[in-house]
Amino acid sequence: MQGQALPGFRDFYPEELALRNHIFGAWRDVARRYGFQEYDGPPLEPLELYTEKSGEEIVQQLYAFQDKGDRQVALRPEMTPTLARMVGARAQALKKPIRWFAIPQLFRYERQQRGRLREHFQLNMDIIGEAGPAADAEIMAAVIDIARAFGLTSTDVRLRVSDRRILANELKHGHAVADGEMLGVLSALDKWGDEPALTERRLQHALGDSPERKASVHSFLSLLANEDRATVARLLATPAAEQLRECGARLEAMGLGDFVHVDFRIVRGLAYYTGIVFELFDAKRSLRAICGGGRYDTLIQEIAGVDLPCVGFGMGDVVLGELLKEHAKAAEAPSRLDAFLIAVGGEDVAPVLKLAHELRDRGVAVEYALRDAPIRKQLELAAARGAPRAVIVGPDERKAKVAVVRDLKTGRQRKVALAQVRKGVFK
RNA sequence: GUGGCUGUAGCUCAAUCGGUUAGAGCGCCGGACUGUGGCUCCGGAGGUUGCGGGUUCGAUUCCCGUCAGCCACCCCA
């Protein structure tokens, strides 16, 4: 035994790679339907690309080291800084709005758990250069259509959306929360129902010095956490909610309203979100968020010095893969074989090789046994390979210039002229 | 980084109180089966019981350490 893959890293055996390719395929297909262009960047980046924006926290979770040229480098933990650099460098030349997507492999050094490894692939879709809610709606529609592309319905998954500006506005004017306290208060709302102690701790940390404000914030947040209808309706009617309303109306017009659910508990951990935020969850909520995103209008300015509003999301392959397996929507590895060729005796091998090569030249996928073996053995291998049919060539067939084509599902077989078989016509 | 639980064949699991050569099913390989697969029967390969140490006449079993996995925390691509 020569050990195993590093902790948090995956070996992709054919069945697993089939699932991954199935996921990538659906991602690319939806991105194409939405008119997004694919880009990519280096998996290894200068360490500063992340430290400047993200600070110490991220750095501790980075795969970072010094290369042989004494450069401080890191495996990319997210794609957005690379995207910001690339867009920033050609900001003048690119026609706005920019619709780009990527499927980078991302790395992060932390203890692994279910749905959380040290490496994953993540679809990133971003619209850059459009500040209006139409872009937000477009991005959210893409998220929903990806779920639909996997056969998931509005009973399987839910897109929960919020807008930080609505809450910030309410907290500021209704509960005297200062700008500097905002993130701490919002983080208390995150996971309100799941982890009461954590909620309390965060709230205490943010407003501990002011019991009255803390109490009023607490009662307000608990209304949100319990999805109090009147409170939600009141917030949605405020001027600050205009973008969210418009966004919802657009998704409704696309016929995707069933998937969308306003939920002010959605906060998102990243500090750089500036407006609408959303997460895609499985309806049972047994897994982590499948996808998360939102609007980050100031990030490119901070990284690349170009003022461009952005909205986008990231969707990882790990949680999604688990959800698909739960729903038995994972793709079987399909046989890529069109036929399995069988030589009855040793003198039939050369003709079979000739036929195999002719078929392969025509683009037909064929395999044959690499060892002389009884027909039964060869048929067994053909079936195990998942070939739809076996083509049997023996002395009698060669004399008659035919081949026996056996359907491996039904067991039915018939003679087909060799001239036809050679062209890839099996009936 | 912290804590809890768990590590036996490729997979799922056995192994009496600490007792002789660690077993079974599935899978894999071969045979029964010399021009027709899936079924059945028979046989075979495959283990440093995660690794290292300790206790003991003797450890898969008990103890310690370590590594890995799962779960929770921290955090959340």
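The chains referred to below are lettered A, B, ... by the order of the sequence lines, with proteins before strands, and numbering in each begins at 1.
- Comparing the same atom, P, in B/U40 and in B/C26 gives a spacing of 9 Å after rounding to whole Å.
- Atom C1' of B/C11 sits at a distance of 31 Å from the matching atom of B/G3, rounded to the whole Å.
- Note on A/Glu397: a base of the nucleic acid sits closer than 4.0 angstrom, heavy atoms only.
- Nucleotides of RNA chain B nearest to A/Leu379 and A/Gln122 differ in position, and the one nearer the 5' end is that of A/Leu379.
- Closest to the side chain of A/Arg108, out of B/A77, B/A68, B/U34, is B/A77.
- A salt bridge is absent between A/Asp317 and A/Arg20; no separation between the charged side-chain nitrogens and carboxylate oxygens falls under 4.0 Å.
- Residue A/Gln61 places its side chain closer to B/C75 than to any other of B/U36, B/G30, B/C75.
- Between the side chains of A/Arg165 and A/Gln243, a donor-acceptor pair is found at a separation under 3.5 Å.
- Note on A/Glu397 versus A/Lys415: no salt bridge recorded, every NZ/NE/NH1/NH2 to OD/OE distance being 4.0 Å or above.
- Here A/Ile392 lies in heavy-atom contact (under 4.0 Å) with a base.
- As rounded to whole Å, 15 Å separates atom P of B/U36 from atom CG of A/Leu408.
- Between the CG atom of A/Leu320 and the C1' atom of B/A77 there is a distance of 15 Å, given to the nearest Å.
- For B/C75, there is no paired base (Watson-Crick or G-U wobble, both distances below 3.5 Å).
- For the pair A/Arg385 (side chain) and A/Phe340 (backbone), a donor-acceptor distance under 3.5 Å is absent.
- If you check every strand for non-hydrogen atoms under 4.0 Å, A/Arg371 touches sugar and phosphate atoms only.
- Among the nucleotides B/C75, B/C33, B/A72, the one closest to the side chain of A/Arg376 is B/C33.
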Using atom types as modelled, flag every donor-acceptor pair under 3.5 Å from a side chain in residues 420-427 of chain A to any protein atom, sequence neighbours excluded.
none

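- With respect to the salt-bridge test (charged N to carboxylate O, under 4.0 angstrom), the residues A/Arg76 and A/Asp40 qualify.
- Nucleotide B/G27 holds its P atom 12 Å from the CD atom of A/Glu380, rounded to whole Å.
- Listed nucleotides B/G35, B/G31, B/G37 differ in distance to A/Arg406; the shortest reach to its side chain belongs to B/G37.
- Side-chain nitrogen and oxygen atoms of A/Arg116 include none within less than 4.0 Å of the OP1 or OP2 phosphate oxygen of B/C70.
- Taking side-chain N and O atoms only, A/Gln378 has no distance below 4.0 Å to OP1 or OP2 of B/U36.
- Base pairing of B/A68: its partner is B/U6, meeting the Watson-Crick or G-U wobble criterion (both donor-acceptor distances under 3.5 Å).
- Set against B/C70, B/G1, B/G35, the side chain of A/Arg114 has B/C70 as its closest nucleotide.
- When the C1' atom is compared between B/C33 and B/A59, the two are found 48 Å apart, to the nearest whole Å.
- Distance from the side chain of A/Pro7 is smallest to B/A68 among B/C33, B/G35, B/A68.
- When the C1' atom of B/G35 is taken as reference, atom CG of A/Leu341 falls 16 Å away, rounded to whole Å.
- Nucleotides B/G53 and B/U61 are separated by 14 Å at their P atoms, to the nearest Å.
- Electrostatic pairing of A/Asp338 and A/Arg362 does not count as a salt bridge here, judged by no charged N lying under 4.0 Å from a carboxylate O.
- Picking from B/U2, B/G37, B/A77 the nucleotide with the shortest atom distance to the side chain of A/Glu78 gives B/A77.
- Of the possible donor and acceptor atoms, none in the side chain of A/Gln72 sits under 3.5 Å from a partner among the backbone N and O of A/Glu48.
- Base pairing of B/C29 is made with B/G43, judged by Watson-Crick or G-U wobble geometry with both donor-acceptor distances under 3.5 Å.
- Nucleic acid contact class of A/Gly8 (heavy atoms, under 4.0 Å, all strands): sugar-phosphate only.
- Across B/C73 and B/C28, the matching P atoms stand 41 Å from one another, rounded to whole Å.
- Residue A/Asp407 is in base contact, counting any heavy-atom pair closer than 4.0 Å across all strands shown.
- Candidate nucleotides B/G31, B/A68, B/U36 were compared by shortest atom distance to the side chain of A/Gln112, and B/A68 ranks first.
- If you take atom P in B/U6 and the same atom in B/C41, they sit 38 Å apart, rounded to whole Å.
- Whole-Å rounding puts the A/Lys377 NZ to B/U36 C1' distance at 14 Å.
- The side chain of A/Gln113 lies closest to B/A72 when the candidates are B/U36, B/A72, B/U34.
- Checked against B/U2, B/G37, B/G35, the side chain of A/Ile375 finds its nearest nucleotide in B/G35.
- Residue-level contact check: A/Gly345 touches neither bases nor backbone, having no heavy atom under 4.0 Å from any strand.
- In this structure, A/Tyr63 atom OH and B/A77 atom C1' are separated by 14 Å, rounded to whole Å.
- Distance noted for atom C1' between B/G30 and B/C67: 38 Å (whole Å).
- Pairing of B/G19, defined by two Watson-Crick or G-U wobble distances under 3.5 Å, is identified with B/C57.
- Residue A/Leu117 is classed as a base contact, given a heavy-atom separation below 4.0 Å to a base.
- For the pair A/Arg118 and A/Gln413, nearest-nucleotide mapping onto RNA chain B gives the more 5' position to A/Gln413.
- Rounded to a whole Å, the CD atom of A/Glu110 is 15 Å from the P atom of B/U2.
- A/Phe9 places its CZ atom 18 Å from the P atom of B/A77, with the value rounded to the nearest Å.
- Between the P atoms of B/G1 and B/U60, the separation comes to 31 Å (whole Å).
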